[in-house]
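Everything below concerns the one structure shown next.
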Amino acid sequence: MIQQSLFDADYPAAPPTEGIKYAGSKLRLLPQILWLAQKTGVKTVFDGFAGSTRVSQALAQCGYRVICNDKAVWSKVFGDCYLKAGSKKKYDQLISELNSCPPKDGWFTEFYGADASVKNQDIQLKRPWQIHNTRKLDGIREKIDQLELDPYSKAVALTSLIMALDKVDSTLGHFASYLRDWSPRSFKSMHLEVPNIICCDDVHRVTNEDVFAIAQHVEADLAYYDPPYGSNNEKMPPSRVRYLAYYHLWTTICLNDRPQLFGKVNRRLDSRDEVAGSVFEEFRRNEQGKFIAVEALHRLINNTNAKYIILSYSSGGRATAEELDRVMNDAGKILDVIELDYRRHVMADMTWSKEWLRNTQVPNKEFLFLLQKK
Ligand SMILES: C[S@@+](CC[C@H](N)C(=O)[O-])C[C@H]1O[C@@H](n2cnc3c(N)ncnc32)[C@H](O)[C@@H]1O
C-alpha cells in the first residue's frame, strides 16, 4: 500500500537547526527522520555520518540523547558547538571581540582571497572569497589561537567564523571549484554571530571517528546512517561528492595548519583522493563483482550495536536498489520506507516493503528506510 502526501504535510515540524551549505545535508528530510525515530520509541540515537550536524541538532532538541559522529574535523567542531558548548549567552563577549579584530593580510588572503576591483585577473577565477573577507579571516583566525580558549569556546568561535564565511563565499557550495563571476553575497562584509547552541546538560557525545571504529561499541538504540552516496553515472563514475576534497578549506580553518597546497583551487595535499577518500565514496567493484561501497554498508549494518537503523539512500547513488535490498534484508527486516521525489514534491510512505524497488529508476529520489536488526 502506498500513502502519498504533499511533502511535509503529514510529518511533525522539525525544530530550527543551523548549518553550512553541505552536499547531502538532510535539512529537508528532518521531519521524516524524526517521524521514523519517534516510531521506534528509542531514547538514544547514533548519528554516524553527521556532516553539517543538522540531524543531530534536531534529534537533540526533540529530547533524544545523541552520539554525533563524523570523520571530518569540521563536523566535530560543529557538534561540540551545537551539542556541548552550554549556554549561548556565555559567548556574546567572545564573538563581539572576534568581530572587532583588525583585518590583516595573512596566509588565507594569500591563497584564497582576491581583489574584485582588479579586472581580468586569472587569479579571480580561482578564489572563493574577496580580500576584505579573507583579511578579516586572517585577523580572526590568529586571534582565536592567541586566546587559548577551552575546547568548547574554540568550537563556538570556529563555527561562528565558518558560518559567517559561508554566507559571503563565491562558490557553488563547496571548494572543488569557484565561480567565474563574483557572487553578489561575496561583496558583503562577513559578520560573526553567536551560533544557536542547544542548551542541555552534558548528555550528548561528539566523536570524530571512522564510523567502523565506533559502530560496534556504540551504546544506542537507533543508528541513523547517511553515508556518501557515490554516483551511478556510468560514463563518469568518479564524479561523486568527495567530502574531504570538497570541504578542504573548512579543515584548514579548523586546524590553522597552513598545509601544503596543490591544484587550481589550492587544495590541501592531504585531501587527495588516494589518501582522504572514504570507502563509501569508492565507485569500483571488488573481485567478486560487488560494489565496494555497498559491501562496506553491509558490513557496517551487520556490525552496528543498535536495534534499529534508519538509512538514507539516493536513486542517483552507486548502490543499485536490488543490491541495497539484498543488504538490508540480510541484516534485518525493513519496517518502513519513505520516498521523497524532490521534483514532484511528493512523499510516499510505503508500508509494503518491496514497492520502493520499482521507483528507483527515477533520478533525484531520496529514500529513508527503517530497519529492525536481526
Ligand atoms: C551525506 S553526508 C552526511 C550529511 C548529514 N546527514 C547532514 O545532514 O549534513 C556524508 C558524511 O559522511 C562522512 N563520512 C564519510 N566516510 C565516513 C566514515 N568512514 N566514517 C565517518 N564519517 C564518514 C563525510 O565526512 C560526510 O560528512
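Counting starts at 1 for both ligands and their atoms, in listed order. FYI, side chains are in, hydrogens and waters are out, and symmetry mates aren't considered; it's all heavy atoms of this structure.
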With clusters defined by side-chain heavy atoms of hydrophobic residues (ILVMFWY) lying less than 4.5 Å apart, directly or transitively, does L161 cluster with L147?
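L147 and L161: one cluster.
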For ligand 1, run through the N/O pairs with the protein that fall under 3.5 Å and put one pair on each line.
unit_1: ligand 1; atom_1: 6 (N); unit_2: D226; atom_2: OD2; d: 2.6
unit_1: ligand 1; atom_1: 8 (O); unit_2: K26; atom_2: N; d: 2.8
unit_1: ligand 1; atom_1: 9 (O); unit_2: S52; atom_2: N; d: 3.0
unit_1: ligand 1; atom_1: 9 (O); unit_2: S52; atom_2: OG; d: 2.6
unit_1: ligand 1; atom_1: 16 (N); unit_2: S278; atom_2: OG; d: 2.7
unit_1: ligand 1; atom_1: 19 (N); unit_2: D210; atom_2: OD1; d: 3.4
unit_1: ligand 1; atom_1: 19 (N); unit_2: D210; atom_2: OD2; d: 3.4
unit_1: ligand 1; atom_1: 20 (N); unit_2: V211; atom_2: N; d: 2.9
unit_1: ligand 1; atom_1: 22 (N); unit_2: K71; atom_2: N; d: 3.3
unit_1: ligand 1; atom_1: 25 (O); unit_2: D70; atom_2: OD1; d: 2.7
unit_1: ligand 1; atom_1: 27 (O); unit_2: Y22; atom_2: OH; d: 2.6
unit_1: ligand 1; atom_1: 27 (O); unit_2: D70; atom_2: OD2; d: 2.8

Pick from N133, D105, T109, I131: which one makes a side-chain contact (heavy atoms from CB on, under 4.5 Å) with D138?
T109
For the student: nearest non-hydrogen atoms of H248 and R268, plus distance:
O-CD, 3.6 Å
If I compare all heavy atoms of L244 with all of S271, which pair ends up nearest, and what's the gap?
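Taking every non-hydrogen atom into account, O-CB, 3.6 Å.
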Going by an N to O cut-off under 4.0 Å, is there a salt bridge joining D145 and R141?
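So D145 pairs with R141 through a salt bridge.
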Does Y112 form a side-chain hydrogen bond (donor to acceptor under 3.5 Å, both in side chains) with T252? I'd like the steps, not just the answer.
CA-CA 11 Å; Y112 299 105; T252 306; 5.1 Å; no
